Undergrad: 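Here it is: the structure, laid out below.
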Number of protein chains: 2
Amino acid sequence: MAQARRYAGGVDGNRSLERGIEILRAFRPGVDTLGNGEIAERCGLPRSTVSRLTRTLVNSGMLDEVRTERSYRLAASVISIGHAMRTGSPVLNAIGPMMRAESAKRRLNVGLATADRTMMVYLESIRYSPRAALRNVVAGQQVPMELTSLGRAYLAGIAETERERLLKLFKRRSTAATKALLADVRRSISAVERDGYCAVSWQPAVLAVATPMVLDGVPVYALNMSLQNVDRSDALASEIGSYLNAFAAKCKEVLAGREPE
Amino acid sequence: MAQARRYAGGVDGNRSLERGIEILRAFRPGVDTLGNGEIAERCGLPRSTVSRLTRTLVNSGMLDEVRTERSYRLAASVISIGHAMRTGSPVLNAIGPMMRAESAKRRLNVGLATADRTMMVYLESIRYSPRAALRNVVAGQQVPMELTSLGRAYLAGIAETERERLLKLFKRRSTAATKALLADVRRSISAVERDGYCAVSWQPAVLAVATPMVLDGVPVYALNMSLQNVDRSDALASEIGSYLNAFAAKCKEVLAGREPE
DNA sequence: CTGGCATTTCCACTAAGTGGAATTAAGGGG
DNA sequence: CCCCTTAATTCCACTTAGTGGAAATGCCAG
C-alpha cells in the first residue's frame, strides 16, 4: 500500500536497465566468466529474462560471448568507459599529480578512493617504491569499507543518515565479530572527527591512515597514505596523519580554486 | 515487413537496457559532464525518457548527479567494473607480464588492444622509458581503428564480412582523404598477410608496428610495439616487426598451453 | 518580479517486456 | 553411436511496465 510503486510509468526508474546493470555488476574480480544460469541465480532473475538481457549486453558491446563454454565475459568496452570516468573526474585530474609528488616526497603510498555501495574503490593508488616499479595503478580495485581506513574516513565524511544505513548493512553481512567490529568502526569515525584522520591496519604489517574529502558537487572521497613492512605505532600513525592532514588541506584548496570553471 | 521486428517479446533484445548503455557510452574523454538535454540530443532519445533512464543509472550507481549544474558524471562504479574486466581477461593475465619483460628487453613500448565498435581500446600499454616513469598504464584509452597499426592489424585478423562492414563505416565518417585512406588501410592489411605485421606512423615521429592475435574463445586482439622520436624507415620497421612476430608467437604458445583450464 | 529555458512529472495508450512452458541444443556415459 | 541429462533459448498469451507529448515545475538572468 504505502509501498511506493516501483516501476510504473514514472518516478522510480527502469526495471530492465536496472537488471542489466546488475548483471554487469555480477562480474567481479574472481568471477571471470558467468553463464546465464549462474547469472540468473546470482541476480535472482528468471532465466529467460537473463537470456534476453545478456543478448542485449552482447549486442551493445558490454559482454563477450564465450561460445565454447556457453558463458559471458566483460568486454573491452567497459574499460573504455572506465577510462572516460577517470579522464572526466575533476578531483582525480586536480590532485592526481599532487598525489604522485607527495608519494615521492614522503616515501609512502598515496591513494584516492570513493564508495561503490559498501566497498571503497580506488580512483588512483600511487605505490611508493624506491625503484619506481611499474605496477602503480590499481584503479578500480575495491576494498571493504568497514575494514579499511579509507572506508572509515569515508563514513566519517558522509551524512549521518547515510552512514547509519551503511552500518546496518555491515551488521547484516558480517558473520563474526560484528559487535567488536562495529565498535571499532565507530572508534575510527570518532578519531576522524577528533584528529582529522584515522589509522587502521587491516592487512598485516601495513599501516594505513585516511582522511575524508568533502567537496561540493562531487561525492565524498577519501585520501589515504600507507606504509608497508612497519609495526603499528601511534607515533608513526600520528606522524603520517599530520602529513595527510596537510596534504588534504592543500588538495581542498586547489579544488576550491579550480572548481568554478 | 521483412524488417525484423526489433523489440518485441523476444529475439532482439531489450530496448531500455540498450538505451541506458548508450547513455553511458555518451560519456567519453572530453565530455566529463552531460545534462539530460545534451544526452537526449546525442543519443536521439526523447527527453522524458532520458530523464527516467538517468535516474535509474544514478540509483544503480553508474552515474553521479551534479546537482549544481543539473548534469551527470560517470560514477566510480564504472571503474570497478573495468577493473573486474581486466582482472578476468585471460589474455591480459597471461601475456601482461610477458609484455612488461619484452618492453624492458627490447626497449620499446608494447601494447595490447581489441576493438570497441570502430575504435581500438588498449587493455594494456607498457611505455618503455629509461627512468621507468610511472605513467605506464593507459588501459581503456581508445585510438581510431583505421588510422593505427593496432586497428589495421585487428582488421587483418577478423572475418572478411566483419572487416568489410567496418570499412564501410570508415568511409561514411571520414570527411576527407577517404579514397587514399582506405587504400592505405588495405595496404596495411596486405602487409599483415604477407609479413605478419604492419607499420604505421599516425602520430608524428612515432613508429608503430602491430600484429593480430587470433585465438579461440576470445575476440581478436592486436599486439603492437612502438618507438618514439624516430624517423620512419623500412629497415627499422622490419626489425621491430620481426621482434613482434617472435613475441606474438610466444604469446600464442602460452595462451594455447594454459587455455584449457 | 518577470520571462525564457531546461528538466521533471503526469497520464492515457499500448507496445514492449515478462516468465512459465515447450523446445532446442549440448555434452556425457553406456 | 545414440540416448539421456542438463542448460539455454524461443514461444506466446498476458498485462505491466515503459513511452513520449503536454503540462507543470523549477531555475536563472535581466
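Everything numeric in this text was worked out from a predicted model, so none of it was measured. Within every chain, numbering begins at 1; the chains are lettered A, B, ... in the order of the sequence lines, protein sequences first and strands thereafter.
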Undergrad: Enumerate all atom pairs, one protein N or O and one N or O from nucleotides 28-30 of chain D, separated by less than 3.5 Å.
TA:
none

Undergrad: Counting just side-chain N and O atoms, does B:Asn14 come under 4.0 Å of either OP1 or OP2 of D:dG18?
TA: no
Undergrad: Keeping to residues at least two apart or across chains, list the side-chain hydrogen bond (donor to acceptor under 3.5 Å, both in side chains) pairs with something in residues 38-50 of chain B.
TA: none
Undergrad: According to a strict under-4.0 Å criterion, is B:Asn36 in side-chain N/O contact with OP1 or OP2 of C:dT7?
TA: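 Checking C:dT7 against B:Asn36, no side-chain N or O comes under 4.0 Å of OP1 or OP2.
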Undergrad: Separation of A:Leu53 atom CG from D:dG18 atom C1', in whole Å?
TA: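 About 15 Å, once rounded to whole Å.
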Undergrad: Roughly how far, to the nearest 0.5 Å, is the CZ atom of B:Arg15 from the CG atom of B:Leu17?
TA: 12.5 Å
Undergrad: Nearest heavy atom decides the nucleotide; on that basis, is A:Thr54 or A:Leu17 closer to the 5' end of DNA chain D?
TA: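 Checking each residue's closest nucleotide, the 5'-ward one belongs to A:Thr54.
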Undergrad: Report yes if at least one side-chain N or O of B:Arg52 is closer than 4.0 Å to OP1 or OP2 of D:dT19; otherwise report no.
TA: yes
Undergrad: So how far is it from B:Leu244 CG to B:Cys251 SG, rounded to the nearest 0.5 Å?
TA: 9.0 Å
Undergrad: Output yes when B:Glu65 and B:Arg73 qualify as a salt bridge under the 4.0 Å nitrogen-oxygen rule, no when they do not.
TA: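 No, this pair does not count.
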Undergrad: Using OP1 and OP2 only, check whether a side-chain N or O of B:Ser48 sits under 4.0 Å from D:dG20.
TA: no
Undergrad: Without decimals, in angstroms, what is the distance between A:Arg55 CZ and D:dT9 P?
TA: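 That distance rounds to 7 Å.
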Undergrad: Should the pair B:Glu22-B:Arg117 be classified as a salt bridge under the 4.0 Å nitrogen-to-oxygen rule?
TA: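 Judged by the 4.0 Å cut-off on N to carboxylate O distance, B:Glu22 and B:Arg117 do form a salt bridge.
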Undergrad: B:Gly37 or A:Arg19: which one's nearest nucleotide on DNA chain C is closer to the 5' end?
TA: B:Gly37
Undergrad: Donor-acceptor check, side chain of B:Asp64 to backbone of B:Ala75, threshold 3.5 angstrom: yes or no?
TA: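 No, B:Asp64 side chain to B:Ala75 backbone: no donor-acceptor pair under 3.5 Å.
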Undergrad: For the helix from C:dC1-D:dG30 to C:dG30-D:dC1, measure the angle between the helix axis at one end and the axis at the other, each built from five pairs, rounding to 10°.
TA: 50°
Undergrad: Could you check whether A:Glu253 pairs with A:Lys250 (Lys NZ or Arg NE/NH1/NH2 to Asp/Glu carboxylate O, under 4.0 Å)?
TA: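 Answer for the salt bridge query: no.
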Undergrad: I need the B:Arg19 CZ to B:Asn14 CG distance, nearest 0.5 Å.
TA: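 Interatomic distance, B:Arg19 CZ to B:Asn14 CG, rounded to 0.5 Å: 10.5 Å.
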Undergrad: Find the distance A:Glu65:CD to C:dA26:P and express it as a whole number of Å.
TA: 12 Å
Undergrad: Reckon A:Ser16 has a side-chain N or O less than 4.0 Å from the OP1 or OP2 of C:dT18?
TA: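 Yes, A:Ser16 has a side-chain N/O under 4.0 Å of OP1/OP2 on C:dT18.
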Undergrad: Rounded to whole Å, please give me the gap between CG in B:Leu34 and P in C:dT7.
TA: 11 Å
Undergrad: Check whether any side-chain heavy atom of A:Gln142 lies under 4.5 Å from a side-chain heavy atom of A:Asp116, and answer yes or no.
TA: yes
Undergrad: Whole Å only: how far is the CD atom of B:Glu69 from the C1' atom of C:dT7?
TA: 15 Å
Undergrad: With a 4.0 Å cut-off on N to O distance, would you call A:Glu164 and A:Arg186 a salt bridge?
TA: yes
Undergrad: Would you say C:dT9 has OP1 or OP2 under 4.0 Å from some side-chain N or O of B:Arg47?
TA: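 Indeed not, no polar side-chain atom of B:Arg47 lies that close.
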Undergrad: Quick one: A:Leu45 CG to C:dT18 P, roughly how many Å, whole number?
TA: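 Atom-to-atom, A:Leu45 to C:dT18, this comes out as 9 Å.
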Undergrad: Can you tell me how far P of C:dG17 sits from CD1 of A:Ile23, to the nearest Å?
TA: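 Whole-Å distance recorded here is 14 Å.
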